Amino acid sequence: MAVYLRRAISNRNTILVLRSGSSALQSPQNWCRTLCSPNYGTSGTQYNDSTPLSSLDFLRHSRRGFAKAKRSKDDSAGPSTVEVVDIGPIVKETAVSQMEAAIVALSRELTKLRTGRASPGMLDHIIVETGGVKMPLNHLAVVSVLDPKTLSINPYDPNTLKELESAIVSSPLGLNPKADGQRLIAAIPPLTKEHIQAMCKVVAKTSEDVKQSIRRARQKALDTMKKAGSNFPKDEAKRLEKEVDELTKKYVKSAEDLCKAKEKEITEG
């Protein structure tokens, strides 16, 4: 179309020049110079920049001003994709770690409670001060069970015997150990009815606290999945939520079993 248009303009300009009989066009040089002049219009007249252009003149002068559009590099690129990170294993592993920590803490607290039976772990929480340094009793002595009602405390260093005895007496266990050569012998007194009731209340309170910790671990896992939003597929979220619920039930049951066993140990003496 542009080729035909340029030919039509050229032919019309030639006819107009021949008709004008202008002396300026008598020589081929002037003719060519006139036709090639940017100020020569389609009517064969001269005009300056302020002279309005006809449609054909506008096309002739502006055809070189059009540039071929360049395609942006980004346009040729494929559609952007969002990388989906599978947070399931991390969420599950974190929840299991927190729930297991709660069970370990429960077991440690229950061991501190005195029952009518001798247990080597019942003295582990006692802190002994020797040589200006405070240390757990199980770092300074070996505790063993002589019989269901008697404990034996054998210090690694016999010189710490007095400090061990003082620390055991000062503990809330109500024990009164006696020196027997280079060791201590501690008889476990029977529990009174009031003491049994008090211990059972402590066990129940400890059990409830631990179960709350387990449920908090579950809630943290669910909150993490919600924060992931659309980056975590709904099907995977439902599956992971079900697994976390099963873990919660499992660890809650473990806590209840530990506490029931402790209550039985306390009541049966």
Side-chain angles (χ1 to χ4, degrees), residues 93-192 194-196 198-214 216-217 251-252 254-269:
E93 182 180 349
T94 302
V96 169
S97 177
Q98 293 173 347
M99 293 178 185
E100 285 183 349
I103 294 297
V104 171
L106 172 62
S107 180
R108 185 169 55 248
E109 290 299 318
L110 294 179
T111 303
K112 298 177 182 179
L113 300 178
R114 181 174 78 84
T115 64
R117 293 183 179 183
S119 171
M122 65 189 302
L123 304 181
D124 287 350
H125 67 284
I126 296 177
I127 302 299
V128 181
E129 183 174 358
T130 176
V133 179
K134 295 182 178 181
M135 301 178 64
L137 186 144
N138 57 2
H139 289 185
L140 298 171
V142 176
V143 181
S144 57
V145 177
L146 296 180
D147 58 59
K149 298 292 184 178
T150 309
L151 286 176
S152 173
I153 301 97
N154 296 274
Y156 298 121
D157 182 2
N159 295 326
T160 62
L161 195 65
K162 289 294 183 182
E163 288 85 351
L164 290 169
E165 180 180 359
S166 176
I168 294 172
V169 171
S170 301
S171 71
L173 296 176
L175 302 180
N176 189 20
K178 302 295 182 181
D180 181 22
Q182 294 185 347
R183 68 175 182 175
L184 294 173
I185 301 297
I188 308 299
L191 295 176
T192 63
E194 291 76 11
H195 189 80
I196 291 174
M199 289 296 101
C200 288
K201 289 182 180 179
V202 172
V203 171
K205 177 66 167 58
T206 304
S207 175
E208 189 59 32
D209 291 343
V210 170
K211 286 190 286 186
Q212 289 294 335
S213 297
I214 295 171
R216 281 195 296 269
Y251 283 100
V252 167
S254 296
E256 292 175 346
D257 292 342
L258 285 173
C259 291
K260 287 179 180 179
K262 191 65 178 182
E263 287 180 353
K264 183 177 180 181
E265 183 181 350
I266 292 171
T267 55
E268 291 182 358

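Every heavy atom of this structure was used, including side-chain atoms; hydrogens, water molecules and symmetry mates were not. The structure displayed is predicted, hence computed values, not measured ones. We're numbering straight along the sequence, starting at 1.
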>> Met199 vs Lys262, test: side-chain contact (heavy atoms from CB on, under 4.5 Å). Steps then yes/no.
In response: CA-CA 9 Å; Met199 289 296 101; Lys262 191 65 178 182; over 6 Å; no
>> Working note: Leu146 + Leu151, criterion side-chain contact (heavy atoms from CB on, under 4.5 Å); need CA distance, chi angles, decisive distance, verdict.
In response: CA-CA 6 Å; Leu146 296 180; Leu151 286 176; over 6 Å; no
> So Thr150 and Ile185, side-chain contact (heavy atoms from CB on, under 4.5 Å) or not? Walk me through it.
Replying inline: CA-CA 7 Å; Thr150 309; Ile185 301 297; 3.6 Å; yes
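Within the 4.5 Å cutoff, side-chain heavy atoms of Leu184 are placed close to those of Leu161. Proximity of Ile188 to Met122: side-chain heavy atoms (C-beta onward) are separated by under 4.5 Å at one or more points. The shortest side-chain heavy-atom distance between Cys200 and Thr267 falls under the 4.5 Å cut-off. Inter-residue side-chain proximity for Ser152 and Asp180 is flagged as unmet; no heavy-atom pair is nearer than 4.5 Å. With a 4.5 Å cut-off on side-chain heavy atoms, Tyr251 and Val96 count as touching. By the 4.5 Å heavy-atom criterion applied to side chains, Leu140 and Asp157 are not counted as neighbours. Residues Val169 and Pro177 have side chains in contact (heavy-atom distance under 4.5 Å, counting atoms from C-beta outward). Between Ser166 and Lys162 there is no side-chain heavy-atom pair separated by less than 4.5 Å.
Residues Thr115 and Glu265 bring a donor and an acceptor atom of their side chains to less than 3.5 Å of each other. Side-chain contact annotation: Ser213 with Arg216, donor-acceptor N/O pair under 3.5 Å present.
If you take CD1 on Ile214 and CD on Glu100, they are separated by 10.5 Å, rounding to the nearest 0.5 Å. With rounding to the nearest 0.5 angstrom, the CG atom of Leu164 is 10.0 Å from the CG atom of Leu123. Taking CG from Asn159 and CD from Gln182, the interatomic distance works out to 9.0 Å, rounded to the nearest 0.5 Å. Of the inter-residue distances, the one linking Glu109 atom CD with Cys259 atom SG reads 11.0 Å to the nearest 0.5 angstrom. Here OG of Ser170 is found 11.0 Å from CD of Glu129. Values are rounded to the nearest 0.5 Å.
Of all heavy-atom pairs spanning Ala118 and Asp147, the tightest one is CB-O, 3.6 Å.
Judged by distance alone, with hydrogens and angles left aside, the side-chain atoms of Thr206 form a donor-acceptor pair with the main-chain N or O of Val202 at under 3.5 Å. Panel note: side chain Thr160, backbone Glu163; no donor-acceptor pair is recorded below 3.5 Å. Between the side chain of Ser171 and the main chain of Ile168, a donor-acceptor pair closer than 3.5 Å is present.
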